[in-house]
Each structure stands twice: as C-alpha cells, then as structure tokens.
Number of protein chains: 2
Amino acid sequence: MLPYKELARLDKLIHEPARLAVLTALSACTLAEFLFLQELTGLTKGNLSSHLTKLEKGGLVVIDKHFLRKKIPQTTVRITADGRAAVERHWKQLQSIYQTIQQQGAHSPQNSR
Amino acid sequence: MLPYKELARLDKLIHEPARLAVLTALSACTLAEFLFLQELTGLTKGNLSSHLTKLEKGGLVVIDKHFLRKKIPQTTVRITADGRAAVERHWKQLQSIYQTIQQQGAHSPQNSR
DNA sequence: AATAACCAGTTTGCTATATAAACTTCATTC
DNA sequence: GAATGAAGTTTATATAGCAAACTGGTTATT
C-alpha cells in the first residue's frame, strides 16, 4: 500500500498513546500489576482501567482480578500472544513507513512542489 | 522522562493517524493541493477538511483558498516551519522511545515478571 | 435557456473516545 | 466504631473522528 494511506489507516486500538504505552510495557514482561502500570505510564486509575478494558475486549490483553491473602484486591495484566504480535507489528510498521517515505525523499509527487 | 510516560503523553494533534499522514506528506513538499492530499491519504473530503482545519488552528499548516482562472476553486496547503519541526520531532521521538525500550530489554522492571 | 450532472470543499449530525471525578468495597488506623 | 486509605470501577462530560448531506459555482445536455 502507499505509505501515506497506510499511515492514515493505522490501527487506533494500538496506536492511541496511552494504549501504545501500556502494550509496549506489557510486551516487555510476562505479567504486570495494575498499580505498576499506572506508575509506569503516568495514567490516572480511571483512565488506565478503561484502556485496559478496551484492550481486553480487543483480545490483546488478559486481565486477572484476585485477592492477596484473600484480602487485598489486586489486578494483574498480561499481554496475549496476539497482543504481543500486534504491538511488534505496529512498531515495525511505523518504522517501515517512515523509512519508505525517507527513501522517496527528493522524488516529490505530482500536484505538489 | 521515562519512556512509557513519554509514550502515553504523545502530542495527539500530531499522532492521530490521518493527521500524521497529512503532516508527513506535507513535510515532503512545499505545497500540496487538497485533492492531491486526499488521494494520497485515502481520506474522505469531509474528513480531510476537518483535520486540516484542526492542523491550521494548531499553527502547523497554512491553508490557501483561491480560484484558478478566477473560476475553479482550489485549496492548497503548506506546512509551517513549526509544523515541519513538530512532525520531524515526533518521528524522532517515536524512534528514540522505541530504541530506549529495546535497549532496556532484559532488564525487566519491579512488580512485573 | 432551463435543467441536469458535476466539482471542490464545508458543515452537520452521529457515534465513539478519552479523561478525571465520584463512587464502591474492603482494610487498617485512631 | 468512625474515619482514613487503598485498589479499582463506573459515571459524566467534553471532545474527536467520520461520512452523509449540503453549498456555490461550472459545465454538459436537451
């Protein structure tokens, strides 16, 4: 596909900054705690919560809510295999699009100067 | 700044796919026609129009509406110096964030596995 | 010469999104 | 035992993104 078209059609579930941060963080570990993710990304709790829900609905992460010592609630999140592949693909896609455009460089297109 | 925080706080005016496509296309030329941009990005007219308006309000592009042979309306767009700097910075920022995260690699953070 | 079709965009209306404040549930402290 | 705090979730709101419908003009058709 043409690089600019590809750029304009990037998957927004992944591309959105907060979620790209979360997914990229998650892809660096097998498991992360909610509060840890919050600290890492600087998102508010509410915000992080709804982004995680969106990612889970998209099948990119799995959320596990449980209790420590049957008392303290703890939410942990892991990225799925699909999720891991998708983030990696996204970063590679960004790189490759940018590279393609850089290479064309001088070759300035019709109807533009 | 921590890379994940930086990621989560990316400038959305620039990061949004359609606008990143437009800005990146514009930064490769001094001037582009509306219809050409539309073809290049695959956006609908309405969509492109509102994104351009947003970019103009943000001072990243300048829109010029005029008539060819005093008859045919034509809208051309140029990126501003600020705009050009901002897109370039954005791409570099993405690269640098990704690189930083890649390097940390094995060093898996606290509260995660 | 009237009208139909077309072109280049803009505006409108709708749906979806992102965000933080308020709320919930339980645990610990005073 | 009232109050404070922790860990999230839900709600409310304001904004965003999108395409369909619209506008103002031009060219083609009958």
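Note: hydrogens, waters and symmetry copies are ignored here, and every other heavy atom, side chains too, is used. Below, read A as the first sequence line, B as the second, and so on, with proteins coming before strands; counting in each chain starts at 1.
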Chemist: What class does the angle between the rings of B:Trp91 and A:Tyr98 fall in, given that below 30° is parallel, 30 to 60° is tilted and above 60° is perpendicular?
Modeler: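 Geometry flag for A:Tyr98 against B:Trp91: parallel rings.
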Chemist: Does a side-chain N or O from B:Lys65 land closer than 4.0 Å to OP1 or OP2 of C:dA8, or not?
Modeler: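 No, no such contact exists.
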Chemist: Does this structure show an ion pair linking A:Lys92 with A:Glu88, if we count only N-O contacts that are shorter than 4.0 Å?
Modeler: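 So A:Lys92 pairs with A:Glu88 through a salt bridge.
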Chemist: Separation of B:Lys45 atom NZ from C:dC6 atom P, in whole Å?
Modeler: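 Distance check: B:Lys45 NZ to C:dC6 P gives 12 Å.
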Chemist: Which whole-number value in Å describes the distance from A:Gln74 CD to C:dC26 C1'?
Modeler: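 About 15 Å, once rounded to whole Å.
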Chemist: For D:dC18, take OP1 and OP2 only and decide whether either is under 4.0 Å from a side-chain N or O of B:Thr44.
Modeler: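 Indeed not, no polar side-chain atom of B:Thr44 lies that close.
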Chemist: A:Ile63 CD1 to D:dG8 P: how many Å, rounded?
Modeler: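 Nearest whole value for this atom pair: 11 Å.
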Chemist: Do side-chain atoms of A:Ser27 reach the backbone of A:Thr24 as a donor and acceptor pair under 3.5 angstrom?
Modeler: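 Pair found, side chain donor or acceptor close to backbone of A:Thr24.
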Chemist: Looking at NZ of A:Lys54 and OG of A:Ser49, how far apart are the two atoms once the value is rounded to the nearest 0.5 Å?
Modeler: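 The OG atom of A:Ser49 is 11.0 Å from NZ of A:Lys54, to the nearest 0.5 Å.
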Chemist: In whole Å, I'd like the distance from the CG atom of B:Leu52 to the P atom of C:dT11.
Modeler: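 Rounding to the nearest Å, CG of B:Leu52 and P of C:dT11 are 13 Å apart.
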Chemist: How many angstroms lie between NZ in A:Lys45 and CG in A:Asn47, if you round to the nearest 0.5 Å?
Modeler: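 One finds 13.5 Å between NZ of A:Lys45 and CG of A:Asn47.
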Chemist: If the helix axis at each end comes from five base pairs, how far does the helix from C:dA1-D:dT30 to C:dC30-D:dG1 deviate from straight, to 10°?
Modeler: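 Result, rounded to 10 degrees: 20°.
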Chemist: Counting only pairs under 3.5 Å, give me each side-chain donor-acceptor contact of residues 3-11 of chain A, with atom names and distances, residues two or more places apart or in other chains.
Modeler:
unit_1  : atom_1 : unit_2  : atom_2 : d
A:Glu6  : OE2    : A:Gln93 : NE2    : 3.0
A:Asp11 : OD1    : A:Leu13 : N      : 2.9

Chemist: Provide, to the nearest angstrom, the distance between the CD atom belonging to A:Gln38 and the P atom belonging to D:dT9.
Modeler: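 It works out to 11 Å between those atoms.
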Chemist: Mapping A:Ala8 and A:Leu35 to their closest nucleotides on DNA chain D, which lands nearer the 5' end?
Modeler: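 The residue mapped nearer the 5' terminus is A:Leu35.
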Chemist: Report yes or no: does B:Glu33 contribute a side-chain atom to a donor-acceptor pair with the main-chain N or O of B:Phe36 at less than 3.5 Å?
Modeler: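 The answer is no, because no donor-acceptor pair under 3.5 Å joins these two groups.
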Chemist: Considering just the side-chain nitrogens and oxygens of A:Ser49, establish if one lies under 4.0 Å of OP1 or OP2 belonging to D:dG8.
Modeler: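 Indeed not, no polar side-chain atom of A:Ser49 lies that close.
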Chemist: State the OG1-CZ distance between B:Thr75 and B:Phe67, to the nearest 0.5 angstrom.
Modeler: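 Reported value, rounded in 0.5 Å steps: 9.0 Å.
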Chemist: CD of A:Glu39 versus P of D:dA7: gap in Å, rounded?
Modeler: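 A:Glu39 atom CD is separated from D:dA7 atom P by 12 Å.
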Chemist: Quick check on side chain to side chain contact (heavy atoms under 4.5 Å, CB included): which of A:Thr80, A:Leu60, A:Val62 does A:Leu55 satisfy it with?
Modeler: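 Answer after filtering A:Thr80, A:Leu60, A:Val62: A:Leu60.
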Chemist: Rounded to the nearest Å, what distance is computed from the CG atom of residue B:Leu43 to the C1' atom of nucleotide C:dA8?
Modeler: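 In whole Å, C:dA8 C1' and B:Leu43 CG are 16 Å from each other.
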Chemist: Using a cut-off of under 3.5 Å, enumerate the N/O to N/O pairs linking the protein to nucleotides 16-18 of chain C.
Modeler:
unit_1 : atom_1 : unit_2  : atom_2 : d
C:dA18 : OP1    : A:Arg19 : NH1    : 3.3
C:dA18 : OP1    : A:Arg19 : NH2    : 2.8
C:dA18 : OP2    : A:Arg19 : NH1    : 2.6
C:dA18 : OP2    : A:Lys54 : NZ     : 3.1
C:dA18 : O3'    : B:Lys12 : NZ     : 3.0

Chemist: Nearest whole angstrom, please: distance from the P of C:dC26 to the NE2 of A:His66.
Modeler: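 So the two atoms are 17 Å apart, to the nearest Å.
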